[in-house]
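Chain letters run A, B, ... following the sequence lines, proteins first and then strands; every chain starts at 1.
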Number of protein chains: 2
Amino acid sequence: MSRADQPPHGDGPATGRRERARLRREEIILIAAGMFAERGYRGTSLADVAARAGISEPGLLHHFGNKAGLLLAVIERRDLDSEAFAMELLGMEPADRLRALPEFARRNRHRTELAKLFTVLVAESLEPDAPGHGHFVARYRAMRAIVADTIRSAQRTGLTRAGLDPEAKAAEIIATLDGLQTQWLLDPEAVDIVAAIEAYARTLERDLTGS
Amino acid sequence: MSRADQPPHGDGPATGRRERARLRREEIILIAAGMFAERGYRGTSLADVAARAGISEPGLLHHFGNKAGLLLAVIERRDLDSEAFAMELLGMEPADRLRALPEFARRNRHRTELAKLFTVLVAESLEPDAPGHGHFVARYRAMRAIVADTIRSAQRTGLTRAGLDPEAKAAEIIATLDGLQTQWLLDPEAVDIVAAIEAYARTLERDLTGS
DNA sequence: ATTCACTTACCGAGCACTAAGTAAGTAAAG
DNA sequence: CTTTACTTACTTAGTGCTCGGTAAGTGAAT
């Protein structure tokens with residue numbers, strides 16, 4: 001035991017081989033995310049990803065086990081990105097949260113690829129046996145719960161009218177933002193996503209407060 | 001020229017071989033539509049469709065030329081279905097049209113497969129070089145134009161408040177209906193699509209008339 | 001006689017994935 | 001400090017299978 005201070009599986013400060021591999025993995029995930037966004041999970045082959053990442057196909061599989069494993073890694077990574085914002089949201093006062101909702105979508109505008117990835121993967125995950133299905137189901141439920149909770153809080157303080165169903169309205173808000181994004185991704189020239197979201201923000205404010 | 005009374009390309013009353021082939025084609029299109037809805041265009045192979053249709057793979061290709069041809073046939077068929085409703089819509093008075101909008105979505109509920117097909121294919125057509133891209137772009141533009149036109153008419157008669165942008169509101173309405181549908185397709189147990197659409201219909205009515 | 005809706009047989013390419021090995025780094029023992 | 005044992009991050013080669021599509025023919029209707 002000359003210097004076995006680090007446990008075999010811990011994420012200590014080792015900057016050697018392990019760390020280099022982790023960085024490589026991260027790089028591959030980013031590359032795969034971009035390709036999944038453009039051509040879908042089914043439309044992207046491991047060979048495509050491997051070639052773009054400058055690694056062999058079995059080298060890829062060494063890191064992720066199989067293709068579904070790569071998809072899950074991509075999804076997890078995407079979640080990590082948006083989780084930061086969710087935390088931000090939950091740390092705010094309900095009144096401010098409502099105003100921050102359009103900002104959420106506005107941010108995605110600068111990250112087209114991420115938005116496209118989400119839209120494409122959700123569509124490919126509609127069937128219950130799809131590799132990402134469970135994950136997206138859970139994710140949407142969580143999103144609706146967060147928004148619904150925000151609405152309920154706002155109702156308690158009287159900021160939002162009591163007449164509406166928080167769960168239904170949450171689904172509706174998320175639906176509108178998703179749907180606008182899809183139209184914009186499909187036809188960016190015809191749909192001004194910023195204007196559309198800002199218009200919706202006004203609609204929403206009037207709707208929630210009761211005109 | 002013993003009895004070439006029918007033009008080669010017309011859709012005359014011929015009930016012979018041509019007609020039987022047309023029916024077969026139609027049957028295949030329906031089968032393919034169902035499979036595209038469930039597994040996507042990319043996730044469905046010609047062999048899958050051929051097997052389910054009880055025809056050989058080259059037999060399939062005889063009818064549709066290639067896989068993209070089959071996709072276009074499916075899309076065209078879908079359009080034919082919904083065109084009937086669009087005509088219905090346009091034949092109504094603007095005031096009634098607005099009330100019919102939720103009905104539009106409500107109909108789709110009874111045709112889950114068609115809804116799923118649309119959602120899946122749009123996501124697979126986001127990239128400009130996808131086989132169905134141009135079609136869906138045109139289709140969304142047409143849908144927005146119809147809804148926007150309806151709103152403008154309603155504004156002229158004073159039924160709808162003048163303060164809103166018809167184009168933006170049209171995109172928003174379509175977005176919400178699409179988005180709700182996606183959430184429902186992903187997780188039917190958690191999302192009551194009927195209740196959600198009816199709630200939205202009320203929201204919309206209040207929004208359009210100005211409370 | 002010709003057309004047409006198909007069939008069987010086949011093609012090369014691409015698919016996800018595996019087997020088996022290698023070179024380099026790491027950990028413990030002498 | 002060196003040797004030895006092991007792990008890890010890959011590689012080349014190849015697996016069986018599926019993919020969309022083609023060539024060439026067949027048999028029935030026109």
Side-chain angles (χ1 to χ4, degrees), chain A residues 1-29 32 35-36 39-73 124 130-131, chain B residues 1-10 12-29 32 35-36 39-74 124 130-131:
Chain A
M1 269 195 220
S2 54
R3 48 171 176 137
D5 325 23
Q6 300 157 23
H9 291 290
D11 21 71
T15 50
R17 195 160 54 139
R18 264 193 139 80
E19 180 63 10
R20 250 184 297 126
R22 211 191 52 87
L23 286 172
R24 192 82 198 276
R25 219 184 102 103
E26 206 70 7
E27 189 197 341
I28 293 170
I29 289 173
M35 303 185 77
F36 287 168
R39 319 210 271 241
Y41 171 67
R42 284 184 185 128
T44 305
S45 72
L46 290 177
D48 290 341
V49 178
R52 182 97 62 106
I55 197 176
S56 69
E57 225 174 310
L60 237 191
L61 291 168
H62 166 75
H63 285 294
F64 304 99
N66 55 32
K67 200 190 177 188
L70 175 58
L71 173 64
L72 293 182
E124 282 186 304
Chain B
M1 283 194 211
S2 51
R3 49 173 175 133
D5 323 24
Q6 301 156 22
H9 290 291
T15 50
R17 193 161 55 140
R18 263 193 140 77
E19 179 64 9
R20 249 183 300 124
R22 211 190 51 88
L23 287 173
R24 190 82 199 274
R25 215 184 107 102
E26 207 70 6
E27 189 197 341
I28 293 170
I29 289 173
M35 303 186 76
F36 286 168
R39 320 210 270 240
Y41 171 68
R42 287 198 266 247
T44 306
S45 71
L46 290 177
D48 290 341
V49 179
R52 181 98 60 107
I55 196 175
S56 69
E57 224 172 311
L60 238 190
L61 291 168
H62 167 73
H63 285 293
F64 303 99
N66 56 30
K67 200 191 177 187
L70 175 59
L71 174 64
L72 293 182
V74 165
E124 282 185 307

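Nearest approach of B:Ala50 to B:Leu60, heavy atoms of both residues: N-CD1, 3.8 Å. Taking each heavy atom of B:Leu61 and B:Asn66 in turn, the nearest pair found is CD2-CA, 3.6 Å. Across all their heavy atoms, B:Leu71 and B:Phe36 have their closest contact at CA-CE1, 3.9 Å. Contact detail for B:Leu72 and B:Pro131: the closest heavy-atom pair is CD2-O, 4.0 Å.
Looking at the side chain of A:Arg20, the nearest of the listed nucleotides C:dG25, D:dC10, C:dA16 is C:dG25. Taking the side chain of A:Ser45 as heavy atoms from C-beta on, and the options D:dA9, D:dC19, C:dC15, the nearest nucleotide is C:dC15.
Contacts of residues 66-73 of chain A with DNA chain C (heavy atom under 4.0 Å): A:Asn66, A:Lys67. Residues of residues 48-60 of chain B that place a heavy atom closer than 4.0 Å to DNA chain D, in numerical order, are B:Glu57, B:Pro58.
Atom CZ of A:Arg24 is separated from atom P of D:dT8 by 18 Å (rounded to the nearest Å). Taking atom CG of residue A:Leu23 and atom P of nucleotide D:dA9, one finds them 12 Å apart after rounding to whole Å. We find that CZ of A:Arg42 is positioned 17 Å from P of D:dT18, with the value rounded to whole Å. For the pair B:Arg39 CZ and D:dC19 P, the computed distance is 9 Å after rounding to whole Å. Going from atom CZ of B:Arg25 over to atom P of C:dC6 covers 12 Å, rounded to whole Å. We find that CG of A:Leu61 is positioned 13 Å from P of C:dC15, with the value rounded to whole Å. Taking atom NE2 of A:His62 as the reference point, atom P of C:dG21 lies 18 Å away to the nearest angstrom. Regarding A:Tyr41, its OH atom lies at a distance of 13 Å from the P atom of C:dC15, rounded to whole Å.
For the side-chain hydrogen bond (donor to acceptor under 3.5 Å, both in side chains) condition, the pairs that include at least one residue of residues 39-48 of chain A, sequence neighbours left out, are A:Arg39-A:Asp48, A:Ser45-A:Asp48.
As judged by a 4.0 angstrom heavy-atom cut-off over every strand, A:Leu46 is placed among residues touching the sugar-phosphate backbone only.
Considering CD of A:Glu26 and NE2 of A:His63, their distance stands at 11.5 Å, rounded to 0.5 Å. In this structure, CD1 on A:Ile55 lies 11.5 Å from CZ on A:Arg25, to the nearest 0.5 angstrom. The CZ atom of A:Arg22 sits 12.0 Å away from atom CZ of A:Arg18, with the distance rounded to the nearest 0.5 Å.
Between A:His63 and D:dA9 there is no side-chain polar atom (N or O) within less than 4.0 angstrom of OP1 or OP2.
Annotation: of the two residues near DNA chain C, A:Gly65 and A:Ala47, the 5′-most nearest-nucleotide partner is A:Ala47.
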